[in-house]
Undergrad: 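Please see the structure below; I have some questions.
When a residue number appears, it is its place in the shown sequence, counting from 1.
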Amino acid sequence: MRREDEFGFEKIIEVYDQKTGMQGVCAIHNTARGPGKGGIRMVPDVTTEEVMGLARAMTWKNAMADLPFGGAKSGIKADPKAMTPAKKEEMMRAFARKIKEVVPGEYIAGPDMNVTEKEMAEFADEIGTPKACTGKPSNIGGLPHELGSTGFGVAVCTRVAVKHMGKDLHGMTVAIEGFGNVGTFAMKFLEEWGAKVVAVSDSKGTIYEKDGLKYADLMKIKAEKGTVTAAHGEKLDAAKLFELPVDILIPGARPDVIHPGNVNHIHAKIVSEAANLPAKYEVEQVLMKKGVVVLPDFVANAGGVISSYCETMGWDSGKMFKVVEDKITNNTKVMLERTKDHDTRKAAMEIAKERVRESMIKRGWLAK
Ligand code: NAD
């Protein structure tokens with residue numbers, strides 16, 4: 001990966017702590033709009049290249065969400081499953097100490113793979129300020145993802161797209177892949193706004209009910225039986241969900257679930273990307289060429305980063321939901337108005353880059 005382009009990277013800090021053996025990296029791509037914001041992942045095979053790619057993606061995501069944040073990301077090379085909780089804490093604290101000089105001025109952390117609110121509390125404690133990170137426990141000013149900001153944002157983005165097409169969400173059919181944090185809240189709000197969710201999947205398979213599934217029933221069944229497939233309806237393979245005759249398809253669990261092998265079997269007119277990278281750009285383009293409205297991941301699932309911003313402002317959950325709604329509504333509209341030849345991702349990237357460029361010019365980092 002190229003380390004330099006007109007936007008970044010500003011800093012790539014590789015650290016090693018002799019005492020704990022902690023090895024980590026913090027990549028700060030661009031801070032023109034504000035401190036680089038991005039999570040810390042703790043995985044045994046994390047690489048500097050991977051962290052850099054994620055940091056760059058955060059620059060576009062935060063700019064497209066219209067937040068005063070730049071893009072950054074961190075990785076700690078360790079396997080938390082193979083260590084005691086005390087060792088994991090030592091690693092997190094050692095990482096915090098090593099990157100302290102850039103936090104929170106140039107970098108604000110957050111949770112990512114294998115990093116939870118517990119480690120965020122340790123990180124903030126080690127840096128010495130709650131401003132060091134988001135995703136902290138609520139007793140120290142955190143706004144947990146369990147509130148459902150991301151799923152809510154996905155539902156808002158979908159609602160805007162439906163309206164933009166001159167249609168009504170009422171009675172439109174929806175299929176949702178994944179019934180975790182994002183999928184459950186996307187279903188809850190779409191149902192509240194009149195859509196008919198006819199299919200939901202989890203790791204055990206898909207449940208399909210033409211007359212519509214009910215959010216409250218699925219929550220109860222998932223809690224009791226451990227899977228949505230125990231609900232009333234036709235039980236299908238997990239992969240079948242993508243090919244069902246629905247108006248709106250929400251991939252909300254795993255990457256690359258829409259691929260060359262199934263893209264031509266998709267019936268939905270709107271694909272609302274709740275998960276990260278559910279389809280490669282070439283695959284999205286196949287859908288776009290057919291006139292499908294693809295709501296790109298970094299636009300549709302930005303509710304989480306917007307909630308993080310609200311946390312840094314010290315706002316409560318009521319204000320957070322309002323800010324998520326306003327920002328996602330506005331950003332989705334701006335993207336759809338800019339879109340040519342159905343290429344929503346291209347339009348969103350252009351908007352994000354323009355916003356970053358504008359901030360860089362204001363700061364005198366780029367000539368007009
Ligand atoms: P989660 O762990 O809460 O839920 C994942 C769900 O996917 C579970 O219900 C699981 O059963 C289901 N699943 C696993 N394998 C499956 C399969 N083969 N078929 C169908 N379902 C399967 O995760 P989450 O937080 O809801 O995140 C889901 C996606 O959204 C991820 O790609 C994540 O990166 C992305 N995302 C999440 C957030 C957030 O705030 N949680 C923010 C942005 C993006």
Side-chain angles (χ1 to χ4, degrees), residues 7-43 46 48 50-59 61-63 65 67-78 80 88-145 304-315 356 359 363 365:
F7 298 102
F9 282 76
E10 292 175 16
K11 277 185 191 171
I12 299 162
I13 310 168
E14 288 180 324
V15 293
Y16 174 61
D17 182 63
Q18 298 91 328
K19 195 170 163 212
T20 56
M22 183 281 303
Q23 232 181 304
V25 56
C26 172
I28 301 171
H29 179 243
N30 186 294
T31 60
R33 293 176 59 86
K37 176 85 188 73
I40 305 176
R41 57 178 52 183
M42 195 186 277
V43 276
V46 70
T48 298
E50 173 190 345
V51 173
M52 286 167 65
L54 295 163
R56 182 183 272 139
M58 287 309 292
T59 300
K61 184 168 188 169
N62 289 330
L67 300 173
F69 288 147
K73 195 89 185 182
S74 289
I76 299 174
K77 199 172 161 69
K88 190 175 177 189
E89 175 169 353
E90 250 181 50
M91 292 269 179
M92 185 50 73
R93 287 186 180 273
F95 184 69
R97 281 196 301 277
K98 290 283 174 185
I99 63 162
K100 196 168 180 169
E101 71 194 56
V102 295
V103 186
E106 293 166 83
Y107 176 58
I108 299 176
D112 196 66
M113 290 161 78
N114 296 328
V115 172
T116 66
E117 60 175 39
K118 179 179 175 292
E119 288 77 37
M120 285 299 94
E122 293 156 7
F123 186 87
D125 181 56
E126 198 62 41
I127 300 289
T129 168
K131 292 191 187 334
C133 59
T134 62
K136 301 177 293 286
S138 41
N139 64 346
I140 56 165
L143 281 174
H145 278 189
V305 287
I306 300 171
S307 168
S308 298
Y309 162 64
C310 296
E311 183 174 330
T312 64
M313 298 303 286
W315 295 334
V356 176
S359 300
R363 285 177 178 258
W365 297 355

Undergrad: Taking all non-hydrogen atoms of both residues, which atom of W315 and which atom of L143 are closest, and how far apart?
TA: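 So the minimum-distance heavy-atom pair works out to O-CD1, 3.7 Å.
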
Undergrad: Could you tell me which residues satisfy side chain to side chain donor-acceptor pair (under 3.5 Å) with S307, sequence neighbours excluded, listed by chain and number?
TA: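 Side chain to side chain donor-acceptor pair (under 3.5 Å) check on S307 returns nothing, list empty.
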
Undergrad: Please determine whether side-chain contact (heavy atoms from CB on, under 4.5 Å) holds for the pair T312 and F69, giving the CA-CA distance in whole Å, both sets of side-chain angles, and the decisive distance to 0.1 Å.
TA: CA-CA 11 Å; T312 64; F69 288 147; 3.9 Å; yes

Undergrad: Quick one: do M92 and V115 satisfy side-chain contact (heavy atoms from CB on, under 4.5 Å)? Show the steps, please.
TA: CA-CA 9 Å; M92 185 50 73; V115 172; 3.9 Å; yes

Undergrad: Short question: side chain of Q23, backbone of K77 - any donor-acceptor pair under 3.5 Å?
TA: no

Undergrad: Can you find a pair of side-chain heavy atoms, one from K131 and one from I108, that are under 4.5 Å apart?
TA: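 They are not in contact (no side-chain heavy atoms under 4.5 Å apart), so the answer is no.
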
Undergrad: Is the shortest side-chain heavy-atom distance between V356 and R33 below 4.5 Å?
TA: yes

Undergrad: My understanding is that only one of R93, K88, K136 makes a salt bridge (charged side-chain N to carboxylate O under 4.0 Å, His left out) with E119; could you say which?
TA: K88

Undergrad: Please give me the minimum heavy-atom distance between I127 and A96, naming the atom from each residue.
TA: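 That closest heavy-atom pairing would be CD1-O, 3.5 Å.
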
Undergrad: Could you state the interatomic distance from CZ (F7) to CZ (R56), rounded to the nearest 0.5 Å?
TA: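 Output value for this atom pair is 10.0 Å.
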
Undergrad: Looking at every non-hydrogen atom in both residues, tell me the closest pair between A124 and C133 and how far apart they are.
TA: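 Where A124 meets C133 most closely, the heavy atoms are CB-SG, 3.9 Å.
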
Undergrad: Would you indicate whether the side-chain heavy atoms of V46 and M113 approach each other to under 4.5 Å?
TA: no

Undergrad: How about V43 and N114: do any of their side-chain heavy atoms sit closer than 4.5 Å?
TA: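 They are in side-chain contact.
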
Undergrad: Begin with the C-alpha distance, continue with both residues' side-chain angles, and end with the deciding distance and a verdict on side-chain contact (heavy atoms from CB on, under 4.5 Å) for E122 and K118.
TA: CA-CA 7 Å; E122 293 156 7; K118 179 179 175 292; 2.7 Å; yes

Undergrad: Over all heavy atoms of both residues, which pair between C26 and I99 is shortest? Give the atoms and the distance, please.
TA: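 C26 and I99 have their closest heavy atoms at CB-CG2, 4.1 Å.
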
Undergrad: Considering all heavy atoms of both residues, which atom of P144 and which atom of S138 are nearest to each other, and what is their separation?
TA: CD-CB, 4.4 Å

Undergrad: Got a second to check how far E89's CD is from T20's OG1, nearest 0.5 Å?
TA: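 Answer for the CD-OG1 pair, E89 versus T20, is 12.0 Å.
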
Undergrad: To the closest 0.5 Å, what do you measure between OG1 (T59) and CG (L54)?
TA: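 These two atoms lie 11.0 Å from each other.
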
Undergrad: Within the side chain of Y107, is there an N or O that forms a donor-acceptor pair under 3.5 Å with the backbone of E101?
TA: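 Such a contact is absent between Y107 side chain and E101 backbone.
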
Undergrad: With a 4.5 Å limit on heavy-atom distance, are the side chains of M91 and D17 in contact?
TA: no

Undergrad: Specify the closest pair of heavy atoms between A121 and P137, including all atoms of both residues, with the distance to one decimal.
TA: CB-CD, 3.9 Å

Undergrad: Distance check, rounded to the nearest 0.5 Å: I76 atom CD1 versus K98 atom NZ?
TA: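 So the CD1 of I76 and the NZ of K98 are separated by 13.0 Å.
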
Undergrad: With sequence neighbours left out, which residue pairs that include part of residues 102-116 fulfil the salt bridge (charged side-chain N to carboxylate O under 4.0 Å, His left out) condition?
TA: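 As it turns out, the salt bridge (charged side-chain N to carboxylate O under 4.0 Å, His left out) pairs with a partner in residues 102-116, which skip direct neighbours, are K11-E106, R41-D112, K73-D112.
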
Undergrad: Do T48 and E14 have side-chain heavy atoms sitting under 4.5 Å apart?
TA: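 They are in contact (side-chain heavy atoms under 4.5 Å apart), so the answer is yes.
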
Undergrad: Are side-chain heavy atoms of F123 and V103 found at a separation under 4.5 Å?
TA: yes

Undergrad: Does some side-chain heavy atom of V305 sit less than 4.5 Å from a side-chain heavy atom of K37?
TA: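 Of all side-chain heavy-atom pairs linking V305 with K37, none is under 4.5 Å.
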
Undergrad: Tell me every residue that passes ring pair (Phe, Tyr, Trp, His ring centres under 6.0 Å) with W365, counting only those two or more places apart in sequence or in another chain.
TA: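 Scan of W365 (ring pair (Phe, Tyr, Trp, His ring centres under 6.0 Å), adjacent residues dropped) gives none.
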
